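The shown structure was predicted, so the numbers you read here are calculated from the model rather than taken from an experiment. Each chain gets a letter, A, B and so on, in the order its sequence line appears, and its residues count up from 1. These values consider heavy atoms only, across backbone and side chains, with no hydrogens, waters or symmetry-generated copies.
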Amino acid sequence: MPPSARILIVEDSPLVVDAFRILFTEAGYEVDAAATVAEAIERGTTKRPDLMLLDISLPDGSGLEIMTALREHGSLPRATLAMTGHNDSKSRRICLDAGCVDVLIKPVPIGELLRQIERHLA
Amino acid sequence: MTMSGQQDPSALRKRINTLERQAGEAKRSIAELRSRDALKTQFLSNISHDLRTPLAAIITHAEILRDGMLGELNPKQKESVTGIVTGGQHLLNMIDEILTYVRTAGDKVSLVRTEFSLADLADQVRMLNEPLAAKKHISIERVNGDDLPPVYLDRDKIQHVLGNLIGNAIKFTNDGGSVWIAFSRRGRDGDEICVEVGDTGRGIAPSNHELVFHEFAQVDASASRPHHGTGLGLAIARKLVELHSGRIWVESQLGKGSRFFFTLPLDPPGD
């Protein structure tokens, strides 16, 4: 794991963010969080994350809009892992086409989540 | 009607007016029931989504504790926290089943067809269910199917059907039993593939063969029943099979195991 790699959690549920914050901090990562598309673009452009964990359904739009905005700004993280509530091949395809490295179904078992993050940051 | 058999125009008009009024009332009632049903479905969908998020947080917190990320637990603590994870995942599976039901209940479901091998899909579902079966020392076997032609169907939906049938087979089969998946060709010129999921479990009385495919129906609905679930699995399976213009049924007797069958067309209608 690269020392103090920075993860941006984009997720509108504070309950889920709290759980991820504990998990990633304990695993040695630097953690930032955003609850909306607007906030994520602001956080992502202010300080570029190494990896973004992206909830697709956000109160003010689709998580994929964040990727477009960060790409235009030249602030796209090295890897973006999409998270969705349900498993269907159509939404999976849309996320991969938008540039996500993988699509995870919430809740992702923490062992698998940490392995994925480590792999994409390597 | 007059005594001579001729109709009194004013009585006839009155009768027509009454029938028209009743027809209008019936139409309004149907529209209202439909709208209430849609509201109920939407409510079920919203509440399920809203239940899912805090549950995801509970499971993640419990996994963090279980895996010792905040300090090692003693064996009893670990067992207890593992119980939270397992119970949470069980609840999550039930919520997901309700969400799938809601999505298939409307008429808006469309098929996303791709070409794939049914045998490979069956192997995948079998492997996903191996851990569950192993706990009860139940064997799962795919009997045949290597020579089947590829099918052009909605893979996710067929996987869901197979998953529900195999999950049920394991659930209702006692320790040491067996579950199998077999394929055969049916229909005119063999233009249908028939998929069988069989088990050596407790079986279903013939009087309940239709009932098991109804929403929320559980044949053994006694308070002490050991097999809790949403009662939606087979209703969803039927809906998904029918979306493919297939049929689903069960052949079984109490105490003699069950064999669930569903058919899938090899040449899908042009949708």
Side-chain angles (χ1 to χ4, degrees), chain A residues 1 7 9-29 31 33-36 53-59 62-63 81-97 103-118, chain B residues 45-46 48-72 81-82 84-86 88-93 95-104 109-116 121 124 128 131 153-160 163 240:
Chain A
M1 181 182 88
I7 299 177
I9 307 164
V10 185
E11 161 68 58
D12 64 324
S13 161
L15 292 171
V16 173
V17 171
D18 284 350
F20 281 156
R21 200 186 282 279
I22 294 171
L23 174 67
F24 298 146
T25 306
E26 286 303 315
Y29 294 103
V31 180
T36 61
L53 200 58
L54 184 65
D55 184 9
I56 297 305
S57 305
L58 294 166
S62 160
L81 285 165
M83 293 185 299
T84 103
H86 63 274
N87 184 10
D88 75 89
S89 49
K90 196 174 163 190
S91 39
R92 184 179 171 80
R93 176 49 48 204
I94 291 170
C95 292
L96 294 177
D97 286 350
V103 185
L104 309 172
I105 311 303
K106 290 196 287 185
V108 193
I110 61 166
E112 188 196 333
L113 184 57
L114 292 176
R115 268 194 303 279
Q116 286 262 11
I117 290 175
E118 204 170 325
Chain B
S45 173
N46 292 349
S48 304
H49 273 292
D50 290 348
L51 287 171
R52 219 179 175 284
T53 303
L55 183 57
I58 291 170
I59 293 172
T60 305
H61 277 296
E63 284 182 328
I64 291 169
L65 283 173
R66 182 199 60 190
D67 293 359
M69 294 194 72
L70 304 178
E72 280 306 313
V81 175
T82 302
I84 299 176
V85 176
T86 311
Q89 280 163 344
H90 187 66
L91 182 54
L92 189 76
N93 289 342
I95 292 172
D96 284 346
E97 198 71 339
I98 293 172
L99 279 169
T100 306
Y101 168 72
V102 169
R103 277 196 285 269
T104 55
V109 200
S110 56
L111 296 178
V112 182
R113 292 182 189 274
T114 51
E115 192 175 275
F116 64 94
L121 182 67
Q124 194 185 328
L128 284 171
L153 306 165
D154 189 320
R155 195 179 191 281
D156 288 347
K157 293 191 173 66
I158 301 303
Q159 179 168 354
H160 200 104
L240 297 180

Which of the residues [options] is involved in the greatest number of heavy-atom pairs with chain A at under 4.5 angstrom?
options	value
B:Leu99, B:Leu70, B:Thr114, B:Val112	B:Leu70
B:Lys157, B:Arg66, B:Glu63	B:Glu63
B:Ile59, B:Asp96, B:Leu55, B:Thr60	B:Thr60

Does any heavy atom of chain B fall under 4.5 Å from the side chain of A:Val17, the backbone, both, or neither of them?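 Contact with chain B: none, neither part.
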
With side chain to side chain contact (heavy atoms under 4.5 Å, CB included) as the test, would you mind laying out the steps for A:Glu26 and B:Asp67 before giving the verdict? CA-CA 12 Å; A:Glu26 286 303 315; B:Asp67 293 359; over 6 Å; no

Interchain contact, B:Ile58 with chain A, by part (heavy-atom threshold 4.5 Å):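 For B:Ile58, there is no contact with chain A at all, as no heavy atom is under 4.5 Å.
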
Taking all heavy atoms of A:Leu114 and all of B:Met69, pick out the closest pair and write down the distance.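 So the two residues come closest at CD1-CE, 4.0 Å.
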
Contact summary for A:Ala19 and B:Ala57, nearest pair of heavy atoms: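 Looking at all heavy atoms of both residues, the closest pair is CB-O, 4.1 Å.
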
Enter the distance from B:Thr53:OG1 to A:Leu15:CG here, rounded to the nearest 0.5 Å.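 Going from the OG1 atom of B:Thr53 to the CG atom of A:Leu15 covers 8.5 Å.
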
